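No experiment lies behind these values; they were computed from the predicted model shown.
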Amino acid sequence: MHKDFSFENKLRCRGFRLWVFPSRFRAVLTIALISSMGCYTGCAKSNPPAGQAGGSQPAPPADTTHPVQQQPVQTDVAYWLTTPDRSQLLKRQQAALLFSPASGQQPTIEVDTTQTFQTIDGFGFALTGGSAYLIHKLPAAQQAALLQELFGNDSNSIHISYIRISIGASDLNRSAFTYDDMPAGQTDTALQYFNLGADQYDLIPILQKVLQIQPGLHIIATPWSAPAWMKTNHSLIGGSLDTAYYAVYARYFVRYIQTMQSLGIPIEAVTPQNEPLYGGNNPSMMMQPQEELRFVRDYLGPAFQQADIRTKIVVYDHNCDRPDYPLTILQDPVARQYVDGSAFHLYAGNITALSQVHHAYPDKQVYFTEQWTGGPDQFGPNLSWDILNLIVGATRNWSRCVIKWNLASDPDYQPHTPGGCSSCLGALTIGSDIIRNSSYYSIAHASKFVPSGSVRVYSTDLPALPNVAFLTPNGSKVLIVYNPSSADQTFQISFRGKQVSPVLPAGAVGTFVW
């Protein structure tokens with residue numbers, strides 16, 4: 001409320017009615033009142049604080065809008081926690097975790113940085129065309145703050161370091177398209193009409209802003225379908241790549257990578273086809289193992305080599321129930337020279353399939369590139385599933401990355417194509433406000449603390465406390481632990497003969513850094 005501190009108002013507050021005094025008396029009255037009012041500055045009355053002389057200035061009121069910051073406790077190990085009831089959301093704990101030689105009787109997770117495994121490229125999400133559309137619509141200041149939160153490197157950011165994008169539309173675009181769509185009955189073998197289509201308006205501008213924040217971002221790209229005129233059924237749904245267009249489609253990939261590079265967007269890796277064993281999505285395309293083998297060996301690999309394209313070729317990009325698919329391609333010595341590794345999803349099969357392929361070809365990489373979260377969000381169960389199977393499971397089975405599907409949706413799980421996923425929950429729900437869902441926190445528990453270039457290191461495999469450990473480029477140790485029990489668990493972290501004993505609440509995930 002606005003206060004009028006004019007002299008006449010002060011008099012009114014004192015109970016005087018100025019209108020009853022003729023003007024000739026006001027000067028006398030003014031002198032008398034000034035001497036009695038002293039330093040009075042408002043209508044409220046208050047007694048002087050204890051210990052303060054009545055004639056001195058009163059102390060300012062306490063600032064209750066900015067609570068006093070709690071001083072951090074002394075600790076050797078920093079501890080961030082997310083609980084299934086959302087009472088703690090990636091919250092740093094005030095826990096004094098000091099290493100000591102004492103050893104208790106609790107379960108112990110030993111971390112040994114002398115035993116190393118795969119290098120980590122990163123953790124993140126699919127930046128679908130729909131995600132980019134929602135983010136691009138945000139007011140400029142809100143958009144900038146959100147991108148900084150997601151991709152920045154400051155203490156308030158979650159440091160996403162790996163994203164997946166589609167080559168043309170995925171089923172989480174507003175409509176289905178490729179980068180060389182033609183009227184029915186027409187072809188474009190010279191790729192004369194190649195263009196980035198709708199992605200020029202949302203995806204490309206957002207990617208360019210993201211790369212200004214995170215120049216080292218890893219990007220893997222994959223098509224949901226070739227242009228319909230290249231396919232056996234002349235449709236963006238189902239069908240296969242017509243063998244007559246294998247060479248043209250290889251040049252389509254080359255053109256895509258070169259075009260993105262010209263826009264300042266380096267594509268680190270591609271897969272030939274998203275979910276090549278499922279043709280029921282919109283868009284989608286089937287590609288059997290022998291077909292992908294032939295396409296990579298005889299067309300895509302040589303086309304990249306001829307154009308001096310250094311983008312990695314990663315095969316398969318489907319479920320863990322068919323490790324024979326990537327193995328079929330890797331068994332071919334000619335194809336193998338073009339292939340960096342294999343990509344997996346986990347809608348079927350077991351995450352250990354990644355280790356099966358790794359052990360067969362240890363010089364080739366494995367990547368985990370997709371897993372959805374269905375809406376509405378069951379926060380606790382979804383958080384625990386992601387940590388157990390992906391953050392712990394995929395990385396313990398040699399994956400260099402974990403990518404969740406997808407970054408953002410609206411409250412109605414839009415945008416998506418007709419026939420596309422109608423209940424895919426984003427890590428963010430962007431509507432009248434922005435809600436951070438379970439997959440935001442499952443990825444953030446790794447991405448915020450395990451940057452690109454980290455290395456997975458040994459940690460005790462405890463079924464009662466699933467966990468995974470990393471050594472970061474700056475020498476920090478990171479241990480991510482999940483408590484699947486219905487009770488809180490006290491356990492020990494052991495490192496170089498010393499221990500600390502944190503408590504991890506039931507169903508919670510903790511990230512420990514030292």
Should the ring pair [X] and [Y] be called parallel, tilted or perpendicular, given that the plane angle runs from 0 to 90° and is split at 30 and 60?
X: Phe123; Y: Phe470; result: perpendicular
X: His445; Y: Phe449; result: tilted
X: Tyr316; Y: Phe344; result: perpendicular

Atom pair [atom1] ([X]) and [atom2] ([Y]), whose distance is rounded to the nearest 0.5 Å:
X: Leu425; Y: Trp405; atom1: CG; atom2: CH2; answer: 13.5 Å
X: Leu89; Y: Leu383; atom1: CG; atom2: CG; answer: 9.5 Å
X: Leu327; Y: Leu330; atom1: CG; atom2: CG; answer: 6.5 Å
X: Ser442; Y: Lys404; atom1: OG; atom2: NZ; answer: 5.5 Å
X: Leu236; Y: Ser175; atom1: CG; atom2: OG; answer: 10.0 Å
X: Ile267; Y: Thr311; atom1: CD1; atom2: OG1; answer: 7.0 Å

Task: Thr417 and Asp171: CA distance, side-chain angles, deciding distance, side-chain hydrogen bond (donor to acceptor under 3.5 Å, both in side chains) verdict - done: CA-CA 5 Å; Thr417 61; Asp171 60 308; 5.7 Å; no
Any Lys/Arg nitrogen of [X] or [Y] sitting under 4.0 Å from an Asp/Glu carboxylate oxygen of the other?
X: Asp317; Y: Arg164; value: yes
X: Glu268; Y: Arg310; value: no
X: Asp340; Y: Lys364; value: no
X: Arg174; Y: Asp202; value: yes

With sequence neighbours excluded, what pairs up with [X] under the side-chain hydrogen bond (donor to acceptor under 3.5 Å, both in side chains) test?
X: Gln371; answer: none
X: Asn406; answer: Thr128, Ser131
X: Asp324; answer: Arg322

Do [X] and [Y] get their side chains close enough for a donor-acceptor pair, meaning under 3.5 Å?
X: Thr82; Y: Lys91; answer: no
X: Gln365; Y: Gln118; answer: no
X: Tyr79; Y: Gln94; answer: no
X: Ser452; Y: His218; answer: yes
X: Ser87; Y: Asp85; answer: yes
X: Thr108; Y: Gln492; answer: yes
X: Asn483; Y: Gln489; answer: yes
X: Glu149; Y: Asn156; answer: no
X: Thr373; Y: Asn382; answer: no
X: Gln143; Y: His136; answer: no

Tell me whether [X] contacts the main-chain N or O of [Y] through its side chain, where contact means a donor paired with an acceptor under 3.5 Å.
X: Asp488; Y: Ala506; answer: yes
X: Lys448; Y: Ala446; answer: no
X: Thr222; Y: Asn274; answer: yes
X: Thr472; Y: Ser454; answer: no
X: Asp412; Y: Gln414; answer: no
X: Ser423; Y: Gly375; answer: no
X: His318; Y: Leu277; answer: yes
X: Ser447; Y: Ile443; answer: yes
X: Asn467; Y: Thr460; answer: yes
X: Arg396; Y: Ala394; answer: no

TODO: Let me see the working for Lys498 and Ser100 under side-chain hydrogen bond (donor to acceptor under 3.5 Å, both in side chains), right down to the final yes or no.
DONE: CA-CA 5 Å; Lys498 295 186 177 182; Ser100 69; over 6 Å; no
TODO: Indicate the atoms forming the closest heavy-atom contact of Ile351 with Leu346, along with that distance.
DONE: N-CD1, 3.8 Å
Task: Which atom of Asn173 lies closest to which atom of Phe177, heavy atoms considered - done: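 Residues Asn173 and Phe177, closest heavy atoms: ND2-CE2, 3.6 Å.
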Open item on the list: Checking Asp199 against Tyr179 for the side-chain hydrogen bond (donor to acceptor under 3.5 Å, both in side chains) test, could you report, in this order, the C-alpha distance in whole Å, the side-chain angles of both residues, the deciding distance, and whether it holds?
Closed with: CA-CA 9 Å; Asp199 283 342; Tyr179 294 149; 2.5 Å; yes
Quick one, [X] and [Y] - any side-chain contact, counting heavy atoms below 4.5 Å?
X: Tyr367; Y: Cys401; value: yes
X: His416; Y: Ser422; value: yes
X: Trp224; Y: Asn281; value: yes
X: Gln214; Y: His159; value: no
X: Trp514; Y: Phe99; value: yes
X: Pro502; Y: Val77; value: no

- [ ] Evaluate side-chain contact (heavy atoms from CB on, under 4.5 Å) for Leu479 paired with Thr511, printing each intermediate quantity in order.
- [x] CA-CA 6 Å; Leu479 176 68; Thr511 297; over 6 Å; no
TODO: Applying side-chain contact (heavy atoms from CB on, under 4.5 Å), run through Ile120 and Val455 and close with a yes or a no.
DONE: CA-CA 6 Å; Ile120 298 298; Val455 178; over 6 Å; no
Open item on the list: Please report whether the ring centroid of Trp398 lies less than 6.0 Å from that of Phe117.
Closed with: yes
TODO: Check whether the ring centres of Trp80 and Phe512 lie less than 6.0 Å apart, and answer yes or no.
DONE: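 Trp80 vs Phe512: aromatic centres not under 6.0 Å.
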- [ ] Under the side-chain contact (heavy atoms from CB on, under 4.5 Å) rule, what do Val478 and Val468 come out as? Steps first, then yes or no, please.
- [x] CA-CA 8 Å; Val478 180; Val468 65; over 6 Å; no
TODO: Test Asp112 against Val457 for side-chain contact (heavy atoms from CB on, under 4.5 Å), laying out the working first.
DONE: CA-CA 6 Å; Asp112 182 358; Val457 297; over 6 Å; no
TODO: Kindly indicate, with the supporting measurements, whether the criterion side-chain hydrogen bond (donor to acceptor under 3.5 Å, both in side chains) is fulfilled by Tyr458 and Glu110.
DONE: CA-CA 8 Å; Tyr458 172 86; Glu110 181 185 359; 5.2 Å; no
